[in-house]
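Ligands are counted one by one from 1 in listed order, and the atoms in each one are counted from 1 as well.
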Amino acid sequence: MTAATMQQQALTEATDTVSSVPTGLFIDGAWRSAADGQQFSVHDPATGDVVARLANATPSDAMDALDAADRAFPSWSRTPPRERAELLRRTFDLVMRDRERIARIITLEMGKPLRESHAEVSYGAEFLRWFGEEAVRISGRFGSLPEGTGDMIVSRHALGPALLITPWNFPLAMATRKIAPALAAGCTVVIKPAALTPLTTLYLVKLLEEAGLPAGVVNVIPTTNSGGATGPIIADSRLRKISFTGSTQVGRVLLEKASANILRSSMELGGNAPFLVFDDADLSRAVEGALVAKFRNIGQACTAANRFIVHASVAQEFSRRVAEKVAQFKLGSGFDPDVAIGPLIDEAAVAGVDELVQDALSRGATLVTGGKRRGGAGTFFEPTVLTDVARDSRILREEIFGPVLPIVTFDTDDEAIAIANDTEYGLVGYAFTASIERGQRLINELQTGMMGWNVGVLSNAAAPFGGVKMSGLGREGGAEGIDEYLTTKYTLLPSVSRP
Ligand SMILES: O=CCCC(=O)O
C-alpha cells in the first residue's frame, strides 16, 4: 500500500471513530446537551475541516457538574481503595483495548503523527495503572510526643471535589495524569478539556463509564467559554482543589481566583528548557536526544527543548548533524506514515512561531533549514534550525511551542549554567556529558524541577513531573502525584502507660 493510500485509509477510520465519541456533556453519570442548546466545532488542524460538533457547556452546566461532584464525594471517598484501584485498572485495560481508536482521535483533533499518538496512548494509560496501584498504598503514621505526654495519629484524607483543566497538546495523557490520582485519592472531579481537543477526553470518560464509574465521580464540561464556566466553580467553597496544565499567564489568573477560597492548587505551566551539549558528550546520542527533545509533539510540549546551548568546540558538528536530519523530516498530515512533523494546533500558533523566527533572523541568526509556514490548507510550519542566535532574541526567552531549534554556543561550564538558568521558567533541563562530576554539578545547579541526563525525553507515569520558578507548583505522576489530592490530619490523644 502506498503512503497516500495508507493516509487516506487512516483518515477515514479516524472519521468513523469520531462518530462513536459522545457529543454531549457528562454530568452526574448521564450524557446531556448544553443547557442553552449551543454547540461548538472541533477542527482537524491538518485540513481545517470540522470533525465534530459538541455541546458547549454553560456556567449553569458547570455548576450542575460541581453539584454532582460534591454529592458523589462522601460516598466515593469512603469507597474502599481496592475498589477505586480496580476501576482505574479496568479503565487502563479498556484504553489498551481501544488504543488504535484513541490514537486516531488524538491525531485527528490535535494533529500529531499517528505513531506519536500511539506513544501517547501508552504513556497516558500508564497513569491509570500507576495510580490504581497507588490507591491501595495511601498510608499515615503513628508516633509519640517527645515529652511522652501524648500519642499522635497522622492520617491522610481525600481533599474533596477537584476542578481539572487540561491542555490540547496531550489530550489523553494530561487527562489521565489528573483524573487517575484524583480518583485514587478519593476525590471527585469536574474536568474541562481544551476546547480544541475535547474528543479524546469524552472518549476516555465513555470508557470510565464502561468500567463502572459511579454517577458524579467524573463530570466533563467541554466549553469554549472557559472563564465563564470555571469561574463560578472556583468561587464556590465546595471546590477544594484545582489542577491546571497550560500557560503561566493563565495559571497566574487561576491562582489569583483560587486564592479567594485558599484552594489547594497544582499548576503545570510554561517551560523554556535548556539543552546543554558539553565537549565530552557522545555527539550521536546528543543529536538523537536533541531531535526527540525538540520535535516530539511537533515541538508543542512544555518539556520541549527551547534553547540549544552547545560547547563552541562541537557546535559546528552538532549543528551540521542536526540540520541534516531535520532537513529530511517530512511535513504533512499525521495520518501519513512517513510524516515526522504534523500541523501546529491553529493559526495563532503558526503566527507566534513565525514571529519568533523573524525576530531571531532580524538579530543576525543564520537560517540553516526550514524557516517558514507552508502554504495551502492546514496550519503547518517547517521544521527549522537556527544557529548564531543572538542572546537577546525573543526565541531564547519565550516558549516556542513549535518545530524550531535555535543554537547558541558557550565556552565554560559556568557560562553554560548561567545561560541555562537565565530564564523565569524552570521545568526541565537536558544535559549531554560523559562526566559524572559535571552531571552531579548540574543536578545541583540547574534551576529546574526535572533533568534529562544524556536523554531527550523523560516523561513517565512513575516519575514526579513538575517545575520550579514560573513553571509551576506541585508534581504529577510518581508517588508524589497522589499527594496533590490528599490532606494530612494530625490527631493527638493522651498517652497511656505502655509496658
Ligand atoms: O506539555 C506538557 C506535558 C509533556 C509531557 O508530559 O511529556
Problem set entry | Side-chain donor-acceptor pair present, S122, R99, cut-off under 3.5 Å |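 Note: S122 and R99 side chains miss the donor-acceptor criterion.
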Could you tell me if [X] sits above the aromatic ring of [Y], with its cationic atom closer than 6.0 Å to the ring centre and no more than 45 degrees from the axis?
| X | Y | result |
| --- | --- | --- |
| K178 | F127 | no |
| R177 | F465 | yes |
| K241 | Y485 | yes |

For this session: Would you mind checking if K372 and D354 are paired as a salt bridge, meaning a charged N to carboxylate O distance below 4.0 Å?
Result: no
Table of N or O contacts for ligand 1, cutoff 3.5 Å:
| from | atom 1 | to | atom 2 | distance (Å) |
| --- | --- | --- | --- | --- |
| ligand 1 | 1 (O) | N169 | ND2 | 2.9 |
| ligand 1 | 1 (O) | C302 | N | 2.9 |
| ligand 1 | 6 (O) | Y123 | OH | 2.6 |
| ligand 1 | 6 (O) | R177 | NH1 | 3.0 |
| ligand 1 | 7 (O) | R296 | NH1 | 2.9 |
| ligand 1 | 7 (O) | R296 | NH2 | 3.0 |
| ligand 1 | 7 (O) | S459 | OG | 2.4 |

Seminar exercise, completed: side-chain contact (heavy atoms from CB on, under 4.5 Å) filter on N454, not counting sequence neighbours, yields R285, F432
